[in-house]
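Worth knowing before you read on, the calculation uses all heavy atoms, side chains too, and leaves out hydrogens, waters and symmetry mates. Model, not experiment: these values are computed from the prediction.
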Amino acid sequence: MPVLPGAEPYRHEGGEVGVLLCHGFTGSPQSLRPWAEHLAERGLTVSLPLLPGHGTRWQDMQVTGWQDWYAEVDRELRALRERCRPVFVFGLSMGGALSLRLAAKHGDGVAGLVLVNPANKVHGLAAHALPVVRHLVPSQPGIASDIAKEGVKELAYDRVPLHAAHSVRRFFRMVDAELPQVTQPVLLLHSPQDHVVPPADSARILSRISSTDVREILLEQSYHVATLDHDAERIFEESYAFVGRLAPSTGTLGSPMPEARGGSTTGG
């Protein structure tokens, strides 16, 4: 299936500092594209991949699972590390869980994490029925566009494929067990009013990681997809400052690069 217009992956070749951005479950790079472009305009090398099964139609997710999604971001991180030092990983929602696993597995290969409304658990009684229900019902109503800002839409599926939901539930459990392995600096931004991922997930993550350099910011004006919401600019600025603090001597931070607006968008 062709990739939906706007859901394409985004890459920009900048300086020595690299950033990998991971989008969320049933979403697409569109939800993080303004963030990626903000970083690219300031001279960073940026990779924003499209996760397998995403960005086309929800039926395509039925044959994918967490192993596919993690393998994609793992490949992108390894590719970034071949040409960048240091490399940071940013994630939204399930992308936050993917980011945390990358940090747990790659150690010093990840210089720091920026997490926006990271997901840690599939909540509700229905989650416990997923192992059985997924064989009876293919999908349920979607979770897209939880955004306070009027007129803004997230490019994501309007249905949640239940085979994939079962897989993400298993993935969250695995990542939760790996959280003590996360030692990198962490900037975690979350919305008190989030109708997809409750604040309890952020609290759980902060209580279990082993990082000592941790900052938590509340996004009071935004819902779940905060990267497209009222607090988006604050996320962009705080995350760039976080990178600048941890990578001050690279010579790539400070002034926009003239070619930065020409980052490549690729389909497939």
Apply salt bridge (Lys or Arg N to Asp or Glu O under 4.0 Å) to Arg208 and Asp176, showing your working.
CA-CA 8 Å; Arg208 287 183 57 75; Asp176 185 71; 3.6 Å; yes
Indicate yes or no: at least one non-hydrogen side-chain atom of Val17 is less than 4.5 angstrom from one of Pro86.
yes
Using a 3.5 Å distance criterion without hydrogens, assess whether the side chain of Thr26 forms a donor-acceptor pair with backbone atoms of Ala156.
no
Considering all heavy atoms of both residues, which atom of Ala104 and which atom of Glu178 are nearest to each other, and what is their separation?
CB-O, 3.9 Å
Do Val89 and Tyr70 share a hydrophobic cluster, counting only Ile, Leu, Val, Met, Phe, Trp and Tyr and linking them when any side-chain heavy atoms are less than 4.5 Å apart?
yes
Please check: side-chain N/O of Ser28 versus main-chain N/O of Gly55, any donor-acceptor pairing under 3.5 Å?
no
In Å, rounded to the nearest 0.5 Å, how long is the span from CD1 of Ile205 to NZ of Lys121?
13.0 Å
How far apart are the C-alpha atoms of Leu102 and Leu20, what are their side-chain angles, what is the distance that settles it, and do they pass the side-chain contact (heavy atoms from CB on, under 4.5 Å) test?
CA-CA 11 Å; Leu102 288 172; Leu20 169 63; 3.7 Å; yes
Could you give me the CA-CA distance, side-chain angles and deciding distance for Lys153 and Ser145, then say whether side-chain contact (heavy atoms from CB on, under 4.5 Å) is met?
CA-CA 5 Å; Lys153 296 294 183 183; Ser145 294; 4.1 Å; yes
Rounded to the nearest 0.5 Å, how far apart are CG of Asp229 and NE2 of His224?
11.0 Å
Could you check whether any side-chain heavy atom of Val114 comes within less than 4.5 Å of a side-chain heavy atom of Phe88, counting everything from C-beta outward?
no
Go through the steps to decide whether Val197 and Phe25 satisfy the test side-chain contact (heavy atoms from CB on, under 4.5 Å), and finish with yes or no.
CA-CA 11 Å; Val197 174; Phe25 182 68; over 6 Å; no
Below 4.5 Å, heavy atoms only, C-beta onward: do Trp66 and Met94 meet side chain to side chain?
no
Nearest heavy-atom approach of Tyr240 to Arg42 is CE1-CB, 3.5 Å
Give the table of side-chain donor-acceptor pairs shorter than 3.5 Å for residues 73-81, with sequence neighbours excluded, one pair per line with atom names and distance.
residue: Asp74; atom: OD1; partner: His106; partner atom: NE2; Å: 2.6
residue: Asp74; atom: OD2; partner: Arg78; partner atom: NE; Å: 2.7
residue: Arg75; atom: NH2; partner: Glu72; partner atom: OE1; Å: 2.7
residue: Glu76; atom: OE1; partner: Ser47; partner atom: OG; Å: 2.5
residue: Glu76; atom: OE2; partner: Arg11; partner atom: NH2; Å: 2.7

Qualifying residue for side-chain hydrogen bond (donor to acceptor under 3.5 Å, both in side chains) with Ser222, from Asp146, Thr227, Asp231, Asp194:
Asp231
Under 6.0 Å from the ring centre and within 45 degrees of the ring axis: does the NZ or CZ of Arg215 meet both conditions for the six-membered ring of Phe242?
no
Supply the atom-to-atom distance Thr183 OG1 to Leu113 CG, rounded to the nearest 0.5 angstrom.
9.5 Å
With distance as the sole criterion, is a donor-acceptor pair present between the side chains of Glu216 and His190 under 3.5 Å?
yes
Looking only at heavy atoms, what is the nearest atom pair of Glu154 and Leu228, with distance?
CA-CD1, 4.2 Å
For the residue pair Phe236 and Trp35, categorise the inter-ring angle as parallel (less than 30°), tilted (30 to 60°) or perpendicular (more than 60°).
parallel
Is Tyr223 linked to Ile217 within one hydrophobic cluster, defined over Ile, Leu, Val, Met, Phe, Trp and Tyr using a side-chain heavy-atom separation of less than 4.5 Å?
no
Test item: Pro198 and Asp201 side chains (from C-beta on) under 4.5 Å apart, heavy atoms:
yes
Would Val63 end up clustered with Leu50 when hydrophobic side chains under 4.5 Å apart are linked, directly or stepwise?
no
Nearest heavy atoms of Phe171 and Leu98, plus distance in Å:
CZ-CD2, 3.6 Å
The reported gap from CG in Leu48 to NE2 in His12 (rounded to nearest 0.5 angstrom) is 13.5 Å
Can you find a pair of side-chain heavy atoms, one from Leu92 and one from Ser31, that are under 4.5 Å apart?
yes
Please walk me through it: do His54 and Trp69 pass side-chain contact (heavy atoms from CB on, under 4.5 Å)?
CA-CA 9 Å; His54 293 71; Trp69 313 324; 3.7 Å; yes
May I ask you to check whether Tyr157 and Trp58 place their ring centers less than 6.0 Å from one another?
no
Please examine the side chains of Gln30 and Leu4, heavy atoms only from C-beta on, and report whether any two atoms are closer than 4.5 Å.
no
For a side-chain contact (heavy atoms from CB on, under 4.5 Å) with Pro118, tell me which candidate from Leu115, Asn120, Val116 qualifies.
Leu115
The residue among Ser191, Ser202, Ser93 that forms side-chain hydrogen bond (donor to acceptor under 3.5 Å, both in side chains) with Asn117 is Ser191
What is the minimum heavy-atom distance between Tyr10 and Ala40, and which atoms define it?
OH-CB, 3.4 Å
Identify whether Phe172 and Val175 are in the same connected component of the hydrophobic contact network (ILVMFWY, side-chain heavy atoms under 4.5 Å).
yes
Report yes or no: do Val196 and Met61 belong to one cluster of Ile/Leu/Val/Met/Phe/Trp/Tyr joined by side chain heavy-atom distances under 4.5 Å?
yes
Would you say that Arg245 contacts Asp213 through its side chain, given a criterion of any heavy-atom pair below 4.5 Å between the two side chains?
yes
I need the minimum non-hydrogen distance between Asp60 and Thr56, along with the two atoms involved.
OD2-OG1, 2.5 Å
As an exercise, state the distance from CD of Gln67 to OG1 of Thr64, rounded to the nearest 0.5 Å.
9.5 Å
Non-neighbouring partners of Ser99 that pass side-chain hydrogen bond (donor to acceptor under 3.5 Å, both in side chains), sequence neighbours left out
none
Once you round to the nearest 0.5 Å, how far does CG of Leu189 lie from CD1 of Ile235?
6.0 Å
